[in-house]
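Below is one structure, written out as structure tokens; comments come after it.
Values in this document were obtained by computation on a predicted structure and should not be read as measured data.
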Amino acid sequence: MGAFKWIFGFLGWVTWGPIGAILGYVSGAAIERSIENVKQISGAGTSDSGQYSSQRGSYSGTRGYSASEQRNSFLVSLLVLSSAVIKADGKTLQSEIDVVKDFIRRNFGESAVSESVRMLQRILSQEVIIYSVGGQIAANMNYSQRLQLFHYLTQIARADGDFSKAEKSVLEAIASAIGLTSSDAASVISMYYKDTQSAYSVLEIAPSATNDEVKAAYRRMAMKNHPDKVATLGPEVQKAAEEKFRKIQEAYETIKKERGM
């Protein structure tokens, strides 16, 4: 990972708080991408609008983010919003921070862990305005990626084995802020916040649903949460999506067994 995105992310955090960290990180990533193109392509021409083009490649600040940049932006979003989840119950537990560290280690390597944790610790000392941060995330991340981000945040809440109502409330607020439907949010939460209705909640249906409605709900959820939809975020995120996919299958099997389908 290049230094620009982390430097700009940190400066953004210092200046504007957690939301500035995201904006600064994205700006730094854009600078790194521009520098890399200049390095790789000789004779590059740059227009007054800040756009580059040549016969061998092109760069423009208005283009979509690369797969690497999507993964990096996903990381910064996770760091900012995870602080809100970690503090939800009034405690900052090492087990919750360890979930974040494990994600960073598996996706970005050991060298990125200490840098990321330092940034997380600084964010933890600040107040995160969920709806301000969430609005930026909703504007710059596709729905499947936001759904997977929410899945990671939910894993943080259950890290200590005690998924509290306060954490559930914060997660519901985050889901709303990043533009998830209430049914999608309830489905993810129900994978970890267990009650008698959790299997039905995972499939986003009521216990009164008919067998045909159960089958249709399973097909709909399987399609919406397929791991291929987050493939650009890297193999580890896709692996986590596969876990979520299995939770949907487990809920379906639980209902089938209960009903003798």
Side-chain angles (χ1 to χ4, degrees), residues 74 78 81-82 84-85 88-89 93 95-96 99 102-103 106 130 134 137-138 141-261:
F74 186 92
L78 176 68
L81 290 181
S82 64
V85 178
D89 57 2
L93 299 177
S95 58
E96 295 172 326
V99 172
D102 185 58
F103 167 81
R106 288 185 285 109
I130 290 173
I137 292 171
M141 189 180 293
N142 72 43
Y143 193 86
S144 293
Q145 292 172 350
R146 280 178 275 147
L147 194 57
Q148 186 58 40
L149 172 64
F150 188 71
H151 184 248
Y152 270 115
L153 294 171
T154 306
Q155 287 182 306
I156 293 171
R158 66 91 189 243
D160 61 348
D162 180 21
F163 195 154
S164 70
K165 288 185 178 180
E167 290 169 322
K168 182 173 179 284
S169 295
V170 167
L171 283 165
E172 289 169 342
I174 289 173
S176 176
I178 66 177
L180 298 185
T181 66
S182 58
S183 57
D184 278 343
S187 173
V188 174
I189 290 172
S190 293
M191 294 176 186
Y192 302 103
Y193 189 86
K194 297 298 183 182
D195 57 27
T196 56
Q197 305 299 324
S198 59
Y200 289 96
S201 296
V202 168
L203 295 187
E204 301 182 3
I205 54 175
S208 59
T210 66
N211 287 352
D212 285 342
E213 288 171 336
V214 170
K215 293 174 184 177
Y218 170 68
R219 289 193 295 268
R220 182 179 67 252
M221 292 297 293
M223 182 178 297
K224 181 165 59 178
N225 292 278
H226 198 282
D228 287 350
K229 291 185 178 292
V230 293
T232 58
L233 296 178
E236 290 298 338
V237 175
Q238 193 170 20
K239 182 178 179 180
E242 290 169 357
E243 178 190 349
K244 181 173 61 177
F245 193 76
R246 285 194 296 273
K247 293 286 186 181
I248 292 169
Q249 292 175 314
E250 288 172 5
Y252 181 51
E253 293 300 323
T254 296
I255 295 172
K256 283 173 59 180
K257 183 177 179 180
E258 178 187 76
R259 295 186 173 205
M261 291 170 59

### Beyond-backbone contact of Lys229 with Tyr143, side-chain heavy atoms, under 4.5 angstrom
no
### Message
Working to the nearest 0.5 angstrom, can you tell me the gap between His151 NE2 and Leu147 CG?
### Response
9.0 Å
### Closest non-hydrogen atom pair, Ala241 against Val230
CB-CG2, 3.7 Å
### Query
What are the two closest heavy atoms between Ala185 and Ala175, and how far apart are they?
CB-CB, 3.4 Å
### Query
Just wondering, do Leu180 and Val188 contact through their side chains at under 4.5 Å, heavy atoms?
no
## Note on the structure
Heavy-atom nearest pair, Ser164 first then Asp89, reads OG-CB, 3.8 Å
### Query
When you measure from the side chain of Arg158 to the backbone N and O of Tyr192, does any donor-acceptor pair fall under 3.5 Å?
no
### Message
Donor-acceptor pair, distance only, cut-off 3.5 Å: does the side chain of Ser169 make one with the backbone of Lys165?
### Response
yes
#### Entry: salt bridge (charged side-chain N to carboxylate O under 4.0 Å, His left out) partners of Lys168, counting only residues at least two apart
Glu172
### Task
For the pair Asp228 and Gln238, evaluate side chain to side chain donor-acceptor pair (under 3.5 Å) and give the outcome as yes or no after the intermediate values.
CA-CA 7 Å; Asp228 287 350; Gln238 193 170 20; 3.2 Å; yes
### From CD1 (Ile248) to CE (Met223), nearest 0.5 Å
12.0 Å
### Message
Measuring from atom CD1 of Ile189 to atom OG1 of Thr154, what distance do you get when rounded to the nearest 0.5 angstrom?
### Response
5.5 Å
### Message
Salt bridge check, Glu253 against Lys256: does any charged N sit closer than 4.0 Å to a carboxylate O?
### Response
yes
### Approximate separation, where rounding is to 0.5 Å, of Ile255 CD1 and Leu203 CG
4.5 Å
### Task
Output, in order, the C-alpha distance, side-chain angles, deciding distance and verdict of side chain to side chain contact (heavy atoms under 4.5 Å, CB included) for Lys239 and Glu243.
CA-CA 7 Å; Lys239 182 178 179 180; Glu243 178 190 349; over 6 Å; no
### For the student: nearest non-hydrogen atoms of Leu149 and Ile137, plus distance
CD2-CG2, 4.2 Å
### Task
Would you check if Arg259 and Val214 make a side-chain contact, meaning some heavy-atom pair closer than 4.5 Å?
yes
### Query
With a 4.5 Å limit on heavy-atom distance, are the side chains of Asp184 and Lys224 in contact?
yes
### Task
Considering non-hydrogen atoms only, spot the tightest contact between Ala173 and Ile130 and give its length.
O-CG2, 4.0 Å
### Task
Find out whether Phe245 and Met221 are in side-chain contact, i.e. whether some heavy atom of one side chain is under 4.5 Å from a heavy atom of the other.
no
### Task
Grab the two heavy atoms, one from Ser190 and one from Ser201, that are nearest each other, plus how far apart they are.
OG-CB, 2.9 Å
### Task
Check whether any side-chain heavy atom of Val99 sits under 4.5 Å from a side-chain heavy atom of Tyr152, and report yes or no.
no
### Flag side-chain contact, heavy atom, 4.5 Å: Tyr252 against Val202
no
## Note on the structure
Interatomic distance, CZ@Arg246 vs CD@Gln249, rounded to 0.5 Å, equals 8.5 Å
### Task
Give a yes-or-no answer on whether the side chains of Tyr200 and Glu258 include a donor-acceptor pair shorter than 3.5 Å.
yes
### Query
Are Val85 and Glu96 close enough that some pair of their side-chain heavy atoms sits under 4.5 Å apart?
no
### Query
How long is the gap from CD on Gln145 to OG1 on Thr232, to the nearest 0.5 Å?
4.5 Å
### Task
Please step through side chain to side chain contact (heavy atoms under 4.5 Å, CB included) for the pair Gln148 and Val237, ending with a clear verdict.
CA-CA 8 Å; Gln148 186 58 40; Val237 175; 3.5 Å; yes
